[in-house]
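Everything below concerns the one structure shown next.
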Amino acid sequence: MFAYMLDYNVPGGKLNRGLSVLDSYKLLQEGRELTENEIFLASALGWCIEWLQAYFLVLDDIMDNSHTRRGQPCWFRVPKVGMIAVNDGIILRNHIPRILRNHFREKKYYVDLVDLFNEVEFQTASGQMIDLITTIEGEKDLSKYSLNLHRRIVQYKTAYYSFYLSVACALLMSGEKLENHLDVKNILIDMGIYFQVQDDYLDCFGDPKVIGKIGTDIEDFKCSWLVVKALELCNDEQKKLLYENYGKEDPACVAKVKELYNELNVQGIFEEYESQSYEKLVNSIEVHPSKAVQAVLKSFLAKIYKREK
């Protein structure tokens, strides 16, 4: 059953976060042939990130009462699993320090790695907390939603673990000190925010067959980029419609919100945001003094620009 739990939850995604450690480390070595041991270590760190991701998703799906993940039922909805999934999430998370201890204990950067994973986990949990407390039943208030709040949730909930962590692992393996690369961190956080805006867009307008899940941001009263933009553009009558229908389970209410998004041309506004973000990111990458670091950041951007899932 334990092996089944691992196979169900750890692989199965795009594995971008894990693969990015090896890709980034290769690029930082500027064409030097990697040893088998280096490939193994970079891969081990990649898997640590995928375990972290699996742990977050198992618990996140319970908190959001989600139905599907990666095209199959959420783990807690599998027969005979239920709330055992909470403990499974904790077990997934506890494998990370074990992997780090087994393979990196003798490395000079071991403590930095442990610190990095602990800090990123704390940042992600903090982002999840801000996200959850904005959607508490009985305290739903659309007037609190703003681009600032959206950015704060996203920066903490997604950007650190999905973007910064892979590159930070590769930098530590390359003997670099993370405090010397704050500019890289800032670019990756901006990339993470752009990625989440795409996610918000796909939750509403993406094809469930392609993205592997049915979007529920409207029903869940999420502080989504789409609703924040709609609030900025609404007239009083449209705002009233949004207040009355956002955050309701009823499919008719969800349809009204989507209709309003179409009326306000939220899709067109997203496309404009996407091209501006891309241009801004490319410009900030190209001023970085290291060509190897530029290559790492550009490869990240190429993976997500105009994605459909």
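We use all heavy atoms of the structure for the numbers below, so side chains are in, but hydrogens, waters and symmetry mates are not.
Evaluation of the salt bridge (charged side-chain N to carboxylate O under 4.0 Å, His left out) test over residues 21-44, restricted to residues two or more places apart or in two chains, returns Asp23-Lys303, Arg32-Glu38. Sorted by first and then second residue, the pairs that involve residues 86-99 and meet salt bridge (charged side-chain N to carboxylate O under 4.0 Å, His left out), not counting sequence neighbours, are Arg93-Glu121. For residues 100-126, every residue pair satisfying the ring-ring contact (aromatic ring centres under 6.0 Å, His included) rule, not counting sequence neighbours, is listed here: Phe40-His103.
Between Tyr164 and Tyr160, the ring planes lie perpendicular to each other; the angle is over 60°, past the 30° to 60° tilted range.
Leu57 is not connected to Val120 by any chain of hydrophobic side-chain contacts under 4.5 Å among Ile, Leu, Val, Met, Phe, Trp and Tyr, and they are in different clusters. A chain of hydrophobic side-chain contacts below 4.5 Å, direct or via other Ile, Leu, Val, Met, Phe, Trp or Tyr residues, connects Val227 to Leu264. Under the 4.5 Å side-chain heavy-atom criterion for ILVMFWY residues, no single connected hydrophobic cluster contains both Val287 and Ile189. Criterion: ILVMFWY side-chain heavy atoms under 4.5 Å apart, direct or through other members. Under it, Met63 and Ile153 are part of a common hydrophobic cluster. Hydrophobic clustering of Ile, Leu, Val, Met, Phe, Trp and Tyr side chains at less than 4.5 Å, counting indirect connections, keeps Ile84 apart from Leu92.
Nearest heavy-atom pair across Phe300 and Ser162 is CE2-O, 4.2 Å.
Side chain to side chain, Gln53 and Tyr161 meet the donor-acceptor criterion of an N or O pair below 3.5 Å. If you check the side chains of Tyr278 and Glu274, you find no donor sitting under 3.5 Å from an acceptor.
Here Lys80 pairs with nothing under the side-chain contact (heavy atoms from CB on, under 4.5 Å) rule; sequence neighbours left out. With sequence neighbours excluded, the residues forming a side-chain contact (heavy atoms from CB on, under 4.5 Å) with Ala295 are Leu27, listed by chain and number. Annotation: side chain to side chain donor-acceptor pair (under 3.5 Å) contacts of Asp183 (sequence neighbours excluded): His288.
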*Show your working on side-chain contact (heavy atoms from CB on, under 4.5 Å) between Tyr156 and Thr124 and close with a plain yes or no.*
CA-CA 5 Å; Tyr156 284 92; Thr124 310; over 6 Å; no
*From CA spacing to verdict: side-chain contact (heavy atoms from CB on, under 4.5 Å), Ile269, Tyr261*: CA-CA 10 Å; Ile269 291 158; Tyr261 286 169; over 6 Å; no
*Please lay out, stage by stage, how Arg151 and Val197 fare under the test side-chain contact (heavy atoms from CB on, under 4.5 Å).*
CA-CA 9 Å; Arg151 186 187 167 93; Val197 172; over 6 Å; no
*Are Asp250 and Asn245 close enough, and set up right, to give a side-chain contact (heavy atoms from CB on, under 4.5 Å), and what steps lead you there?*
CA-CA 9 Å; Asp250 182 354; Asn245 293 284; over 6 Å; no
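Side-chain atoms of Asp203 come within 3.5 Å of backbone atoms of Asp217 as a donor-acceptor pair (strictly under, hydrogens ignored). A donor-acceptor pair under 3.5 Å links the side-chain atoms of Asn186 to the main chain of Leu182, judged by distance alone. In this structure, Ser166 contributes its side chain and Arg17 its backbone to a donor-acceptor pair below 3.5 Å. Panel note: side chain Asp200, backbone Trp225; a donor-acceptor pair is recorded below 3.5 Å. A donor-acceptor pair is defined here as one N or O able to donate and one able to accept, closer than 3.5 Å; such a pair exists between the side chain of Ser224 and the backbone of Leu226. Using modelled atom types, one side-chain atom of Gln198 and one backbone atom of Ile304 make a donor-acceptor pair closer than 3.5 Å. Proximity of a side-chain donor or acceptor of Asn235 to a complementary backbone N or O of Glu237 within less than 3.5 Å is detected. At distances below 3.5 Å, at least one donor-acceptor pair connects side-chain atoms of Ser284 with backbone N or O atoms of Leu281. Of the possible donor and acceptor atoms, none in the side chain of Asp131 sits under 3.5 Å from a partner among the backbone N and O of Gly127. Proximity of a side-chain donor or acceptor of Ser275 to a complementary backbone N or O of Glu272 within less than 3.5 Å is detected.
Among Asp112, Ile49, Leu22, the one residue that satisfies the side chain to side chain contact (heavy atoms under 4.5 Å, CB included) test with Cys169 is Ile49.
At least one side-chain heavy atom of Gln196 sits under 4.5 Å from a side-chain heavy atom of Asp199. Inter-residue side-chain proximity for Leu59 and Gln128 is flagged as unmet; no heavy-atom pair is nearer than 4.5 Å.
You'll find the ring centres of Tyr145 and Phe221 inside the 6.0 Å limit.
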